[in-house]
Amino acid sequence: VLQEAITHMSTLNKDACEKALAAGSRCATDVTGFGLAGHCFNVARASGVSIRLDASTLPRLSGIIELIQKGHTTAGAGKTREFLADALVFEEVDSLLQHLVLDPQTSGGLAIFSSEPIAGYPEIGVVVEGQPSVTVIS
């Protein structure tokens with residue numbers, strides 16, 4: 001699991017960036033110290049929208065759920081949860097998947113916002129009208 005994490009964290013976002021620009025994307029954020037939920041909320045707040053994420057579609061490292069089950073989590077995830085307060089809603093999302101959404105990766109990938117699919121990258125959510133918030137479904 002460690003080697004897979006190192007490989008992912010040392011891979012540049014250049015390919016994703018180029019594909020996003022080719023698809024017409026005008027918004028992206030790196031997923032680092034505030035986790036996916038925190039960074040998506042910053043985009044939602046700046047754009048005056050709500051973001052709905054589907055936890056079941058989130059890419060994950062093999063073995064990550066087992067590490068979470070063993071308690072290998074971060075204090076930063078709790079801090080992000082506290083910061084977002086009522087702006088973050090989990091709708092029947094398993095607590096293990098909640099950790100994936102809150103985990104403050106220090107070298108994560110990009111969350112790209114695009115009206116067109118981006119080849120080779122999963123769709124993990126949608127932007128909808130509403131108060132700035134992040135809702136996570138399962």
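- The main-chain N or O of S62 is found under 3.5 Å from a side-chain atom of E4 such that the two form a donor-acceptor pair.
- Side chain of R81 to main chain of A85: a donor-acceptor pair is present (N/O by atom type, distance under 3.5 Å, no hydrogens or angles).
- Put simply, the side chain of I118 reaches to within 4.5 Å of the side chain of I112, judged on heavy atoms.
- Between the side chain of H39 and the main chain of T32, a donor-acceptor pair closer than 3.5 Å is present.
- Summarising the local packing, CD of E123 is surrounded by 12 or fewer heavy atoms from other residues, nucleotides or ligands at distances under 6.0 Å.
- Heavy-atom minimum distance, L110 versus C17: CD1-N, 4.2 Å.
- S50 and Q131 are not linked by any side-chain donor-acceptor pair at a separation below 3.5 angstrom, with hydrogens and angles left out of the test.
- Classification of K19 and E116 as a salt-bridged pair fails, no side-chain N sitting under 4.0 Å from a carboxylate O.
- You'll find the side chain of R60 reaches within 4.5 Å of the side chain of L100, heavy atoms only.
- To the nearest 0.5 Å, atoms NE2 (H99) and CG (L67) are separated by 12.0 Å.
- Counting heavy atoms from C-beta outward, V126 and I51 have side chains that stay 4.5 Å or more apart.
- L102 and L61 fall within a single hydrophobic cluster, where Ile, Leu, Val, Met, Phe, Trp and Tyr are joined by side-chain heavy atoms under 4.5 Å apart, directly or via other members.
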Next on the checklist: Go through it in stages, so that I can follow the logic: the residues are E129 and V49, the test is side-chain contact (heavy atoms from CB on, under 4.5 Å), and I'd like the CA-CA distance, side-chain angles, deciding distance and then a yes or no.
Outcome noted: CA-CA 5 Å; E129 291 183 23; V49 297; over 6 Å; no

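- No donor-acceptor distance shorter than 3.5 angstrom exists from the side chain of S47 to the backbone of A44, with no hydrogens or angles considered.
- Between F34 and P104 there is no side-chain heavy-atom pair separated by less than 4.5 Å.
- Closest approach of G48 to P132, counting heavy atoms only: CA-CG, 4.3 Å.
- Judged by distance alone, with hydrogens and angles left aside, the side-chain atoms of Q98 form a donor-acceptor pair with the main-chain N or O of V93 at under 3.5 Å.
- Tested against V134, the residues V89, L36, L84, L88 include a single side chain to side chain contact (heavy atoms under 4.5 Å, CB included) partner, L88.
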Checklist entry - When you look at D103 and T74, which way does the side-chain contact (heavy atoms from CB on, under 4.5 Å) test go after all the steps? => result CA-CA 7 Å; D103 186 42; T74 63; 3.3 Å; yes

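- In this structure, CG on N13 lies 8.0 Å from CG on D30, to the nearest 0.5 angstrom.
- More than 12 heavy atoms of other residues, nucleotides or ligands shown are found within 6.0 angstrom of CZ on F113.
- Heavy-atom neighbours of K79 NZ from other residues, nucleotides or ligands within 6.0 Å: at or below the threshold of 12.
- A salt bridge does not link K70 to E66: none of the charged side-chain nitrogens sits closer than 4.0 Å to a carboxylate oxygen.
- Checking side-chain atoms of T80 against main-chain N and O of G76 turns up a donor-acceptor pair under 3.5 Å.
- Heavy atoms from other residues, nucleotides or ligands lying under 6.0 Å from CD of E92 number 12 at most.
- By the 4.5 Å heavy-atom criterion applied to side chains, L97 and I65 are counted as neighbours.
- Residue L53 holds its CG atom at 9.0 Å from CD1 of I137, rounded to the nearest 0.5 Å.
- If you chain together hydrophobic residues whose side chains sit under 4.5 Å apart, V101 and Y121 never meet in one group.
- Between N42 and T29 the shortest side-chain heavy-atom distance does not fall below 4.5 Å.
- Minimum interatomic distance between G63 and V1 (heavy atoms only, all atoms of both residues): CA-CG2, 4.0 Å.
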